[in-house]
Amino acid sequence: MKEQPLTKGLYLNGEFVQLDDNFAVQNPATFETVGYVPNGTAKEAKLAVDAAHEAFKTWSKTTAYERAELLEKWYKLINDRLEVLASTMTIEQGKPLAEAKGEIQYANSFVKWFAEEAKRIYGETIPASVHSKRIIVQKQPVGVVAAITPWNFPAAMITRKVAPALAAGCTVVIKPAEQTPLTALLLAECAHEAGFPAGVINVITTEKPAEVVDVWMEDSRVKKVTFTGSTPVGKLLMRKAADTVKKVSLELGGLAPFIITEDANIQEAVKGVVQSKFRNAGQTCVCANRIYVHESIKEPFLKAFHEAVLTLQVGNGLDEKVDIGPLIDENAVKKVQHQLEDAVEKGAKLHEGPSVNMDKGYFMKPVVISDVTDDMLCMQEETFGPLAPVSTYSDDEEVIQRANGTPFGLAAYVYTQSLKKAVWFSENLEYGIVGINDGLPSVAQAPFGGMKESGLGREGSHYGLDEFLEIKFVSLQLI
Ligand code: NAD
């Protein structure tokens with residue numbers, strides 16, 4: 001496609017580069033084209049590694065204070081451009097403007113936190129077994145990092161990887177999702193103005209993800225791949241990483257159980273489940289996918305939940321009144337519809353949401369279904385849309401088995417007023433993140449990540465920084 005790009009270009013070795021070939025970015029709320037961005041190829045992918053490899057030689061030798069200072073500048077520029085970043089995100093991804101602003105602030109909280117944490121990359125000395133030796137443990141940046149990110153959080157998934165990588169002294173090559181490259185390029189503009197040296201950050205936009213990412217997977221100069229996206233692509237990258245034995249971090253899909261016990265505060269549980277289920281139109285990896293409510297409170301919970309869902313406004317995210325924007329594309333809509341039809345066919349009861357105009361834009365009504373059983377698709381596959389399946393349970397052992405009985409283990413939620421149950425569930429759920437009476441647990445200083453097929457490694461917190469550091473043992477003999 002030859003259309004004029006509406007961006008400064010992809011970001012390579014400290015410069016914004018235009019290409020002849022560009023691809024269109026579509027607004028999922030209107031089907032309009034909102035921008036054209038360069039369609040990077042294997043050539044730009046390789047040039048990005050060349051640049052990052054060269055830049056690593058000096059960037060890895062900077063002091064933590066120098067790196068922190070640049071991260072702080074990046075933070076400030078992102079903050080100054082909050083409005084434009086958020087509106088760009090809304091028009092390319094669809095989420096309501098208030099949510100988009102929230103995401104930019106959340107994304108930026110990682111930049112701030114890792115700017116500070118850069119100064120706390122401590123080594124260790126370990127008591128030796130003989131007088132003449134000293135055991136020293138040093139931490140060093142792993143090298144060039146490849147970061148591959150999804151469309152559902154176009155800013156946060158980038159900063160959650162890039163901020164700790166830069167803080168550690170690594171350089172990065174980034175491939176944002178093809179649906180949301182504009183936010184990524186705006187973040188690169190902020191980084192450019194902050195003054196990061198050429199090659200430290202590179203952003204390759206492309207419509208051909210495998211072509212670009214394969215170059216990085218095959219290049220032995222890339223020491224680490226950090227990926228957020230679907231479980232099948234994560235597994236593929238893990239296999240490809242084996243040939244050059246790269247370090248791998250994976251943030252993959254979820255199928256979060258949301259358990260509401262018999263003693264839960266129903267109003268608080270409804271608030272939590274609405275927040276968890278319908279944020280980003282249900283397109284979050286940690287969003288409530290399976291709602292398990294104790295059978296003794298089924299009716300009052302369903303009544304309150306359905307009433308809350310009826311108040312949600314669906315529409316273009318630029319409209320201030322809107323709570324739920326469009327889904328990302330037609331396939332996303334089809335997937336949710338298919339799960340809904342499957343559930344209703346197998347006996348689920350439908351509680352319709354507010355009326356929605358679905359002619360223009362990938363809009364979907366939020367829907368609650370009850371009498372749901374575990375053989376329905378919506379209880380087995382990530383939904384990634386505004387469908388809320390409610391099932392009942394009778395005892396804690398039964399529900400924990402059902403909650404744990406999938407290959408996924410990212411986030412789980414429990415609403416209870418019993419301290420004993422809170423502790424018991426948190427200890428027995430096989431999940432990387434457990435929200436107790438909290439539908440929105442993620443913050444920069446806490447470890448985010450999944451167990452089982454939901455991923456490997458953690459992002460955020462000092463654990464997230466460790467993912468970008470090598471540990472070196474120096475044995476010093478005093479001869
Ligand atoms: P996706 O796997 O299709 O795409 C993610 C990224 O991988 C994109 O940049 C895409 O271009 C790239 N990609 C796709 N195919 C590739 C290939 N063959 N080789 C190399 N790269 C390739 O996922 P998606 O649909 O964009 O994102 C939704 C998924 O992401 C959901 O499953 C969701 O749960 C998951 N997710 C997880 C987290 C988490 O932290 N665990 C956070 C957000 C999203």
Side-chain angles (χ1 to χ4, degrees), residues 23 25 28 37 39-40 42 45 92-95 103 106-107 110 146-161 173-181 183-184 203-218 222 225-241 248-256 276 279-289 327-332 335-336 381-385 406-412 431-433 441-442 446-460 464 467:
F23 66 97
V25 182
V37 296
N39 196 7
E92 71 175 347
Q93 198 272 348
K95 68 178 64 180
E103 182 186 334
Y106 170 70
F110 290 93
I148 297 121
T149 57
W151 49 264
N152 62 345
F153 288 94
M157 297 303 99
I158 291 179
T159 56
R160 209 161 75 175
K161 298 177 186 319
V173 294
I174 306 163
K175 197 213 72 61
E178 49 276 33
Q179 297 90 339
T180 56
T183 308
V203 182
I204 305 299
T205 51
T206 182
E207 227 185 359
K208 298 170 280 192
E211 177 177 328
V212 165
V213 175
D214 281 354
V215 170
W216 297 345
M217 298 311 293
E218 285 159 20
V222 175
V225 57
T226 169
F227 170 80
T228 297
S230 61
T231 299
V233 176
K235 287 181 180 177
L236 186 77
L237 297 186
M238 197 173 170
R239 277 186 214 109
K240 290 186 176 174
V248 179
S249 293
L250 302 172
E251 297 284 351
L252 309 177
L255 193 68
S276 170
R279 187 168 61 108
N280 204 6
Q283 302 170 114
T284 79
C285 52
V286 291
C287 85
N289 210 103
L327 298 195
I328 193 71
D329 57 25
E330 196 179 343
N331 282 342
K335 183 177 183 190
V336 186
E381 295 179 343
E382 197 175 33
T383 302
F384 246 54
T406 79
F408 299 100
L410 186 55
Y431 286 81
I433 303 161
S442 176
F448 186 104
M451 296 183 182
K452 303 200 264 185
E453 292 186 24
S454 286
L456 275 183
R458 294 293 179 269
E459 292 188 337
E467 304 279 339

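Note that ligands are numbered from 1 as they come in the structure, with each ligand's atoms numbered from 1 the same way.
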Note to self: I need the nearest protein heavy-atom contact for atom 13 (N) of ligand 1: residue, atom name and distance, please.
What the structure shows: P209 CB, 3.7 Å

Next item on the list: Look at the side chain of T149 and the backbone N and O of M157, then say whether any donor-acceptor pair between them is shorter than 3.5 Å.
Entry: no

Notebook entry, point to check: Considering distance alone, does some N or O of E178 sit under 3.5 Å from an N or O of ligand 1?
Noted result: yes

Item checked: Residue and atom name of the nearest protein heavy atom (relative to atom 33 (C) of ligand 1), distance in Å to one decimal -> F384 CZ, 3.2 Å

Margin query: Residue-level breakdown please: for L236 versus ligand 1, do any non-hydrogen atoms fall below 4.0 Å on the side chain, on the backbone, on both, or on neither?
Written below: side chain

Next item on the list: Kindly state if atom 15 (N) of ligand 1 has a protein heavy atom within a strict 4.0 Å cut-off, that is, under 4.0 Å?
Entry: yes

Note to self: Looking at every non-hydrogen atom in both residues, tell me the closest pair between G254 and S454 and how far apart they are.
What the structure shows: CA-OG, 4.1 Å

Notebook entry, point to check: Tell me: protein heavy atom nearest atom 25 (O) of ligand 1, and distance?
Noted result: W151 NE1, 3.1 Å

Margin query: As an exercise, identify every atom of ligand 1 less than 4.0 angstrom from a heavy atom of I148.
Written below: 6 (C), 7 (O), 9 (O), 12 (C)

Checklist line | Geometric N/O contact G229 with ligand 1, under 3.5 angstrom | finding: yes

Notebook entry, point to check: Within the side chain of E459, is there an N or O that forms a donor-acceptor pair under 3.5 Å with the backbone of K161?
Noted result: no

Checklist line | Protein residue, atom and distance nearest to atom 8 (C) of ligand 1, heavy-atom basis | finding: T149 O, 3.3 Å

Next item on the list: Can you measure from CG (N152) to OG1 (T284) and round to the nearest 0.5 angstrom?
Entry: 7.0 Å

Item checked: Atom of P150, atom of A177 and distance for their closest heavy-atom approach -> C-CB, 3.5 Å

Checklist line | Considering all heavy atoms, the nearest I158-P176 contact | finding: CD1-CB, 4.4 Å

Next item on the list: May I ask you to identify, for V286, whether its side chain, its backbone, both or neither come under 4.0 Å of ligand 1 on a heavy-atom basis?
Entry: neither

Next item on the list: Classify the side-chain pair T231/E453 by whether it contains a donor and acceptor separated by less than 3.5 Å.
Entry: no

Margin query: Is A177 close enough to touch ligand 1? Criterion: a residue heavy atom under 4.0 Å from a ligand atom.
Written below: yes

Check: Taking heavy atoms and a distance under 4.0 Å, where does N152 meet ligand 1: side chain, backbone, both or neither?
Finding: side chain

Notebook entry, point to check: Which protein heavy atom lies closest to atom 2 (O) of ligand 1, and at what distance to 0.1 Å?
Noted result: S230 OG, 2.6 Å

Next item on the list: Quick one: closest heavy-atom pair of K95 and P154, and the distance?
Entry: NZ-CD, 4.4 Å

Next item on the list: May I ask you to identify the nearest protein heavy atom to atom 42 (C) of ligand 1, giving residue, atom name and distance to one decimal place in Å?
Entry: C285 SG, 2.9 Å

Item checked: Proximity of T228 to ligand 1 by residue part, where a heavy atom lies under 4.0 Å -> both

Note to self: Side chain or backbone, does L252 bring an N or O within less than 3.5 Å of an N or O on ligand 1?
What the structure shows: yes

Check: Taking N or O atoms only and a 3.5 Å limit, does K175 qualify as a polar contact for ligand 1?
Finding: yes

Next item on the list: Just let me know how E382 lines up against ligand 1, side chain, backbone, both or neither, with a heavy-atom cut-off below 4.0 Å.
Entry: side chain

Check: Would you find a donor on one side and an acceptor on the other, under 3.5 Å apart, between the side chain of Q179 and the backbone of Q93?
Finding: no

Note to self: Restricting to non-hydrogen atoms, name the atom on P209 and the atom on K175 that form the minimum distance, rounded to 0.1 Å.
What the structure shows: CB-CE, 3.7 Å

Check: Among all protein non-hydrogen atoms, which one is nearest to atom 27 (O) of ligand 1, and what is the separation to 0.1 Å?
Finding: P150 CB, 3.6 Å

Check: If you count the atoms of ligand 1 from 1 in the order shown, which ones are under 4.0 Å from a heavy atom of V213?
Finding: 20 (C), 21 (N)

Next item on the list: Indicate the atoms forming the closest heavy-atom contact of E103 with F153, along with that distance.
Entry: OE2-C, 3.0 Å

Next item on the list: Could you tell me whether ligand 1 has any atom less than 4.0 Å away from a heavy atom of F153?
Entry: no

Check: What atoms of ligand 1 come closer than 4.0 angstrom to any heavy atom of R160?
Finding: 40 (O)

Notebook entry, point to check: Tell me: protein heavy atom nearest atom 7 (O) of ligand 1, and distance?
Noted result: F227 CE1, 3.2 Å

Next item on the list: Between M157 and ligand 1, find which residue part has any heavy-atom pair under 4.0 Å and reply side chain, backbone, both or neither.
Entry: side chain

